[in-house]
Enquirer: 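The structure under discussion is supplied below as structure tokens; questions concerning it will follow.
Labels below follow one simple rule: chain letters A, B, ... track the order of the sequence lines, proteins then strands, and each chain is numbered from 1.
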Amino acid sequence: MSNHSVEILLVEDNPNDVELTLHALKKNNISNRVHVARDGAEALDFLFGTGSSPVHNVDNVPKIILLDLKLPKVDGLEVLKRVKGDPHTRLIPIVMLTSSREERDVITSYNLGVNSYIVKPVDFQQFTEVVRELGLYWLLLNQPPQV
Amino acid sequence: MKSTAIRSLLAASRSSAVRIVAIYLAISVAWILISDKLLHLLVRDPVTRETVSILKGWGFVMVTALLLYELIRRDMAALHTSEEKYRTLVEAADDAILLTDLQGRRLFANSAYYTGLGYARSEDETASGFSIVHPDDAPAIQDKLRELQEQGRLTTEYRVRHKHGQWLYRFAKSTLIHDADQKPTAILAIIRDVTEHKRMESQREAALEALRDSEARFRSYIEYAPLGVLITDQAHHCVEVNFAAAKMLGYTRAEIINLSIPDTLAEESLDTGRLHFQILMQLGSATSELQLRCKDGTPLWVVAHALRLTDDRFMTYLQDITQRKQAESHKEAALEALRHNEARLSGIISSTLDAILSVDEDQRILLFNTAAEQMFRCSAADTIGQPLERFIPERHRAVHRWRLRQFGESGVTTHSVQRWTALSVMRADGEEFPIEAAISQLQIGDQKLFTLILRDLTDQQRAKSQREAALEALRESESRYRELVQNANSAIIRWKSDGRILFFNEYAQALFGYEADEVIGQGVNILVPEQDSTGGDLTALVQDIVEHPERFVNNVNENVCRDGRRVWMAWTNRPLRDENGQVTEILAVGIDITERKRAEDALQSLAKFPAENPNPVLRIDRDGRLLYTNEAGQVLLPDWQLAEGQAAPAVLQAVVGKTLLEQTGQIIDTEHQHRIISFVVAPVVEAGYTNLYGRDITAQKRTELQEKAALEALRESEAQYRALFDNMTEGFFQAELIEDDAGQAVDFRFLDVNPAHARIIGLPPEAVLGKPASELFPGLEESWLEAVAQVARTGKPLVVEGYVQVTGRYYANSYFSPRPGQFASIFSDITERKRAEEVSLASEARLAAVIDSAMDAIITLDSQQRMIMFNAAAEKMFRCLAAEALGQSIDHFIPERFRSAHQGHIRYFDKTGITTRSMGQLRPIFGLRADGEEFPIEASISQIVVGGQKLFTVILRDITARKQAEEEIRQLNAELEQRVIDRTAQLAAANQELEAFAYSISHDLRAPLRAMDGFSRILLEEHAPHLEQEAQRYLQMVRTNAQHMARLIDDLLTFSRLGRQPLTRQWIDVNQLVQQVLDELRREEADRPIELIVADLPACQADPALLKQVWINLLLNAFKYTRRCEPARIEIGSRQTDGQSIYFVQDNGAGFDMQYVDKLFGVFQRLHRAEDYEGTGVGLAIVKRIIERHAGRIWAEAVVDQGATFYFTL
């Protein structure tokens, strides 16, 4: 499969959330390819090809990364830091999609260069709405800078 | 020739018989010579001649017979006249006239002789011979008789017995009488009774002796007494002084004569002195306290008591009161110093708020200081005199009484302090509070005082006012005086200037025969006759006394009693004046001198003398010509150059002038040359002449005059001294020692006292004089007796002050010895002064007790930095006894390295003149104990000037313990800080954990909920056709609960976050904020009619986000709980209380039951069911936490179904 087809990298350890997110995306007709990384390490491996990830091409970058904050192995903030700290991945928009409403998480995230921070609502309807808006904006409306 | 012969014969003849014989012879011779010649010339006739011759012879015989007859007749008449003359003289004589034979047997005696002996003439026989002569004198008379025969005349003095047995003194002038042959035939004696004279003489002698004695005694008092006595003239120059006065003023007696007393006045007494002399000149007496300058310039305080003696003589006695004045001023200064100390102490100690109370044995409060006032919330005025128990809760009272009694009986001495702990007392308003009390007891006089120090010390109460004590004493003295006056041995009458009697003492009542009731209010004139027995006019006497009292200070006049009896009185009249100097009353003190007067009169009478006596007897006819003088009278005549028939000297003529001839018994004294002759004038009316019986009284007169002058001088002197002693304010007594057989003084007897003595001691002189002291004042101290015995024996004066148990009063005595074995004392009652001193001492003792029981060391320094007071606390602090510390330099207790700096501080402090300040505030200061240990102190210093000397008082507090405590606190603080750091770290860790927990809650707990909600939704939306209606409802319930759970989690997180979030306070426009919140809420509840009342709300300082949360939650509640109301009404407002804004939100909704109000603000606490009003139960907990974080307060009031009001402040 072509690396170019990967448009969304979803980093989420909770399978329920993965399924709900994918469900929401699908429901909103965002059919772009979604790659799900189940922890931070896997996400980094996918992006930088340093591990067991099938994706090794550094140039193969997703259009958006939906990143959970609390992740096994390498947590969301660490991932964020690595992504934003690397010139190759720096420009990938990252949306924090998390249950945490903690202020400091929000601030840290923004300080590390997150593009958006979204608290996952419990209400699935609202959640669906959020995902929809995300997809619309980042995948369709946003003009990524030319590298 | 014949006529010459006749003339010569006539001239020669002295008797009529001779004259008659001479005339007869002359006629006979003439007849013989003439008749013959005439016969021869006329008759020529011889017969006629013869007849005529015979007739001539018969005629001659007849003429001779006629002549003889005439001669005899004349002789008989002459004899008769002579006899008459002698009889008159002899019988009229006052003197007894006795004619005896040469052996002394009586031949004749006149009536005076018999009456003098008490016999009648008929009792002749019984009064014969020597039988009545005193046996001791009889031999002398026999001798005298023999002597008389040789000398012809002499005088004798002897005693004879009166008929009634008493012995009479006789003075006899005896003359030998010779017959024609010059042979002695009889003795004529003129005898005068001199018994009365003798008696008078001896009485006068005794009186004189007594006077002399009294004068000498007073003189000795004056000479030896420590009282200065000055006699001054009108210009107040000294004329006479006693030794003490000279010594007092530092002059010799010679130097002081002519010294002007006003010149010796010290500057500060100039005005008083001027007044003193003015009063003296105008009123005749003055008493002042004056300061004089001695010769060497040293000041001398005296009481000067001055009296007018005569018009130009004044007597002043001075009492040296310098010591008293000094003592007073010293005492005053000491008291002043104490007052200063006290003020300073109270100033310093007041900051510690320790209360001091003094109570007496009956537990009545005597002293209550300001701190106590504050402590007990009750003014001292309301407390003094109240029982202490009012401050003790009822349940403690019994215990308190027991404790105080125990303490009182414990005998724990003055200054000892007993501590009671955990005592509970009560304020005036009933509030109880615990205190720590220290108590000390103090014995002052016979009164026991307890002083309670409730943590500190201060003010001392002024003792019972001195004025009150003085008044009491005055009252006592008044009543004593009254008694004295009533019982006085003189008449004492007080009368008003209009003459009305105000007071009439018992003696006067007895003397004049009036009862007091009868005379009081009567004019004093009833006692004064219009004329006295010497003819003096007394009608104006009363008026004169009022107008010129100074002339009547000592007045002798006759008074009349009720029964008409006359009494001669010697009065001392003292005017009492009002403030204008007008005489308002006269105080008259009188002594009955009638007897004395009579005796004096008797003295004046003189005896008469018969003609044939050694004294001159003269006869003067009514024309003033001398008719006769006896032999003794002859002696006078050459001096008067007078012969019989010539006019008598004018002085005698005047006496025997026609008018005076009617009088008998008048006595005239005639001074002639150097003689004084006393004549008794005895007119013989029918004979037309007057007999004058004279007596040469020159010698007697001279003696009398001299005596009189001497007596007068003596009397004057005595009166002066007596006036002094009677008027001096000091008491005086003289006493002689009574010794036992071993010569040990065991007692003394009072010999003399002055009026002041009676006044001071309260016993009249008659109750004291002659009495032994042991009888009057039983229980006199032996030591005291020893002291006065010493004075009496050695003559060394002694000045002491002492307490006399018997009278219960204090006296200042100045003892001296006027003669060996006797002592005298001049003393004054100083009880008032002593009491005042005692009060001062008591106050001082109390202050001293307070100072000594003070917990702070108190040290007073003189200007040389020497310690002059060192209290008990100082002893303890410096571990040095006061006895050792006093007089030492304060350097002793200052570590060496601080000494010079300390001196600098003192010098600086001295210059500033600041009275009080504390020391050691800039840097710590240290003291040095006697054992060398240094310790930190806190000090305050004050300065005062006492008696010209600057004193510093330092109050020191040993702050070793405090410093230690401070050190401990510092260490504890350090430890605490460490512990805080540790705890903070632990807390931080815990916080972190909590945060992690909260984090995981927010993150992890929500995920499952989301899954539950999400999948339920997916099921409902995408698989609905496969699900039954019931299943779909359940799925919906799963979703609802998941969402509620999510809200709970969110609220809980918000709540927990509030505790950690930092506050950012800023000014907030509350109106705007509320409006914003309302807008948001109204948007959600737009369909519901709500009456909103929003008042203008004040701005406040708060965290904007949090404050908004508060308003959101409160308003949300208001909206929520009014959901069922129609119409809903919500009011938002504020009010101001104590400068604080209180905001409130009021609704008319569901309200709540006030009994659950406690739970209102608890987390997850709900007062309504979820199905009625949804909610998490966290909203109000959040509000409360926010308010509390702003240091505000929130509360609520509500009534079920009527609404609730929430108030909060920030």
Enquirer: If I measure from the heavy atoms of chain B, does A:Gln125 come under 4.5 Å with its side chain, its backbone, both, or neither?
Expert: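 Interface part for A:Gln125: both.
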Enquirer: Given heavy-atom pairs under 4.5 angstrom as the criterion, report whether the side chain, backbone, both or neither of A:Asp17 touches chain B.
Expert: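 Contact with chain B involves the side chain of A:Asp17 alone.
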Enquirer: For A:Glu19, does the CD atom sit with more than 12 other heavy atoms under 6.0 Å from it, leaving out its own atoms?
Expert: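 Counting other residues, nucleotides and ligands, CD of A:Glu19 stays at 12 neighbours or fewer.
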Enquirer: Report, as yes or no, whether the 6.0 Å neighbourhood of atom CD on B:Gln1072 holds more than 12 heavy atoms from other residues, nucleotides or ligands.
Expert: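 Atom CD in B:Gln1072 is not packed in, count stays at 12 or less.
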Enquirer: Could you tell me whether B:Gln1029 atom CD has more than 12 heavy atoms of other residues or ligands within 6.0 Å of it?
Expert: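 Open: at most 12 neighbouring heavy atoms sit under 6.0 Å from CD of B:Gln1029.
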Enquirer: Mind checking the OG1-CG spacing from B:Thr1040 to A:Asp123? Nearest 0.5 Å is all I need.
Expert: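 One gets 10.0 Å once the value is rounded to the nearest 0.5 Å.
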Enquirer: Hey, what do you get for CD (B:Glu1022) to NZ (A:Lys27), rounding to the nearest 0.5 Å?
Expert: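 It comes to 5.0 Å.
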Enquirer: Counting only heavy atoms from other residues, nucleotides and ligands, does the tally under 6.0 Å from CD of B:Glu977 exceed 12?
Expert: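 No, not enclosed.
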Enquirer: If every non-hydrogen atom of B:Ala1011 is compared with every non-hydrogen atom of A:Leu20, which pair is closest and at what distance?
Expert: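 In this case the closest contact between B:Ala1011 and A:Leu20 is CA-CD1, 3.8 Å.
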Enquirer: Please name the pair of heavy atoms, one in A:Phe124 and one in B:Arg1039, separated by the smallest distance, quoted to 0.1 Å.
Expert: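 Looking at all heavy atoms of both residues, the shortest contact is N-NH2, 4.3 Å.
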Enquirer: Does atom NZ of A:Lys84 have more than 12 heavy-atom neighbours from other groups under 6.0 Å away?
Expert: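 Atom NZ in A:Lys84 is packed in, count exceeds 12.
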